[in-house]
Amino acid sequence: MNLRRASFIGWALLGLALLLAALGVCVGSAGFENLLGPLLNPLRDPEQYAMAHQIVWDIRLPRTLGAWAAGALLGLAGALAQGLFRNPLADPFLLGSASGASLGVALVLAAMGGGAGTLGGAMMSDGTAFSVFGTGWLVRLGLTGAAFGGAVLAVLLTLALSRGVQHTLRLLLAGVVVGVVLGAMTHLVLLWSPESMQAMQAFMLGSTAFVGWTACAVMAGVWLLASAAGALLARLLDGLSLGEATAHSLGLPLTSMRFALVAVLALATGAAVAQTGLIAFVGLAAPHLVRSVVKTTHGRLILLSSLMGGVLLMAADTLARGLIAPQELPVGVLTAVLGGGYLLWLMHRGTRGGGISL
């Protein structure tokens, strides 16, 4: 029964993702009604057709698909984190990856920056404006690499402080400490280089506005790799959910498999954060939503949480574009508000039922 229900939910999430992808292509500052005519009649005005084609193919479509890929990575990472720590409040940023990525981007911006700030970005030393996500490919590559490298180094620092992965509680506390310390260092860097603050704001608030086809391909590749690894490690998470003693009795190599889980968690989180910045609550809420509708093993939970995360971020991105069009809200702010409201509702419902049911 659960297998049939899980399959139905998976297909339903894929269908919903396709519908949201079609909707995402239609939503934007230009309005789809202004693009539909040139797209349907390319010979009438070739210039208008070329512009409409560029908006849809080069901007809206990769952005929409990139939102799904980033959300899928965060949803997958959230399921892994909650299974690893056996804590329903665990999220993908728990090992300090978000703070490490922020510090990496802040350091690169401080090294590049100089001059007065501008709306939506910072000024380069030659007076040209740039933002975290809207720069040329070389600068963007450096920022993406800094974010990913910072996330991975933060996780390695957490592992060093916790002296491995043998003790889950120590690993959890080390991640919290690393996150706080690296967050403080990020603020110090921004105080030292205040001209970088506006550019850094785009990263801190999260944005899919400048996700292109290359970023989509990178995130899709990482998602395939992380999904395969998650499927292989699902048996460990099932064993851990029964307790460490039971997992040991089943003959599971806990230490090596925990290292593998942390590596996959860091890879998925780092890839998403490097391309879209800090987007809150998607990785935390997606596994909760799946568990609220179906009880299943971690093998299916990881896949369904990934699909749910993709749908959540795609829906939030479309809503962020259309809510106050032609302007748009930062998608990270919208996910934080909606995700926080959802968890508050869960807590309220659990309290009324005699206990908090997360």
Exam field: side chain Ser306 to backbone Ile302, donor-acceptor pair closer than 3.5 Å: no
Transitively linked via ILVMFWY side-chain contacts under 4.5 Å: Val176 with Leu169? no
Do Arg63 and Thr276 meet the criterion of a side-chain donor-acceptor pair at a distance under 3.5 Å? no
So Val177 and Thr158, do their side chains get closer than 4.5 Å, heavy atoms only? no
Do Phe259 and Met257 sit in the same hydrophobic cluster, where Ile, Leu, Val, Met, Phe, Trp and Tyr count as joined when their side-chain heavy atoms come under 4.5 Å apart? yes
Begin from the C-alpha positions of Ser305 and Arg300 and carry the test side chain to side chain donor-acceptor pair (under 3.5 Å) through to its verdict. CA-CA 8 Å; Ser305 297; Arg300 300 187 191 97; over 6 Å; no
Same hydrophobic cluster for Leu23 and Leu18, using side-chain heavy-atom links shorter than 4.5 Å among ILVMFWY? no
Any donor-acceptor pair under 3.5 Å from Arg60 side chain to Gly24 backbone: no
Flag side-chain contact, heavy atom, 4.5 Å: Arg235 against His298: no
Start with the C-alpha distance between Gln82 and Leu89, add both sets of side-chain angles, then the distance that settles side chain to side chain contact (heavy atoms under 4.5 Å, CB included), and finish with yes or no. CA-CA 7 Å; Gln82 292 176 15; Leu89 294 178; over 6 Å; no
Show the numbers, then the answer: is there a side chain to side chain contact (heavy atoms under 4.5 Å, CB included) between Leu161 and Leu173? CA-CA 9 Å; Leu161 289 178; Leu173 293 175; over 6 Å; no
Is a side-chain N or O of Ser99 found less than 3.5 angstrom from the main chain of Gly96, in a donor-acceptor match? no
In the single-linkage hydrophobic clustering (I, L, V, M, F, W, Y; side-chain heavy atoms under 4.5 Å), do Val178 and Leu107 co-cluster? yes
With rounding to the nearest 0.5 angstrom, report the CG to OG1 distance, Leu284 to Thr335. 11.0 Å
Spacing of CG belonging to Leu190 relative to CG belonging to Leu109, to within rounding of 0.5 Å: 8.0 Å
Determine whether Met197 and Leu191 make a side-chain contact, defined as any pair of heavy atoms from C-beta on separated by less than 4.5 Å. yes
When rounded to the nearest 0.5 angstrom, what distance separates CZ in Phe281 from CG in Leu313? 14.5 Å
Decide yes or no for Val293 and Leu304: does some side-chain heavy atom of the first lie under 4.5 Å from some side-chain heavy atom of the second? no
Look only at the side chain of Ser162 and the backbone of Leu159, and say whether a donor-acceptor pair between them is shorter than 3.5 Å. yes
Do Val311 and Met314 have side chains that approach each other closer than 4.5 Å (heavy atoms only, starting at C-beta)? no
Is the shortest heavy-atom distance from the side chain of Leu14 to the side chain of Trp11 under 4.5 Å? yes
Kindly compute the distance separating CG (Leu240) from CZ (Phe85), expressed to the nearest 0.5 Å. 11.0 Å
What's the separation between atom CD1 in Ile9 and atom CG in Leu13, rounded to the nearest 0.5 Å? 7.5 Å
Shortest non-hydrogen contact between Pro62 and Gly212, atoms and distance: CB-C, 3.8 Å
Heavy-atom closest contact (Gly75 atom, Ala286 atom, distance): CA-CB, 4.1 Å
Looking only at heavy atoms, the pair that brings Ala110 and Trp192 closest together is CB-CZ3, 3.8 Å
Check whether the side chains of Asp317 and Thr208 place a donor and an acceptor atom closer than 3.5 Å, and report yes or no. yes
Heavy atoms of Ser227 and Leu76 approach each other most closely as OG-CD1, 3.4 Å
Of all heavy-atom pairs between Ala320 and Val331, which one has the smallest distance, and what is that distance? CB-CA, 4.3 Å
How about Trp213: does its CH2 atom have over 12 heavy atoms from other parts shown lying under 6.0 Å from it? yes
Leu265 and its side chain to side chain contact (heavy atoms under 4.5 Å, CB included) partner, picked from Leu261, Thr269, Leu267: Thr269
Can you find a heavy atom in the side chain of Met200 that is under 4.5 Å from one in the side chain of Ser102? yes
Would a distance-only check, ignoring hydrogens and angles, find a side-chain to backbone donor-acceptor pair under 3.5 Å from Gln275 to Ala215? no
Give the C-alpha distance, both sets of side-chain angles, the deciding distance and a yes or no for side chain to side chain contact (heavy atoms under 4.5 Å, CB included) between Phe93 and Val273. CA-CA 10 Å; Phe93 301 152; Val273 169; 3.6 Å; yes
d(Leu278 CG, Ser97 OG) to nearest 0.5 Å is 9.0 Å
Let's go through Leu289 and Leu312 carefully: what are the C-alpha distance in whole Å and the side-chain angles of both, what is the deciding distance for side chain to side chain contact (heavy atoms under 4.5 Å, CB included) to 0.1 Å, and is it a yes or a no? CA-CA 10 Å; Leu289 286 170; Leu312 287 177; 3.7 Å; yes
Test item: Leu95 and Leu171 side chains (from C-beta on) under 4.5 Å apart, heavy atoms: yes
Do Phe203 and Leu205 share a hydrophobic cluster (ILVMFWY, side-chain heavy atoms under 4.5 Å, transitive)? no
Ala154 to Leu182 - nearest heavy-atom pair and separation: CB-CD1, 3.6 Å
Under 3.5 Å, is there a donor-acceptor pair between the side chain of Ser193 and the main chain of Val189? no
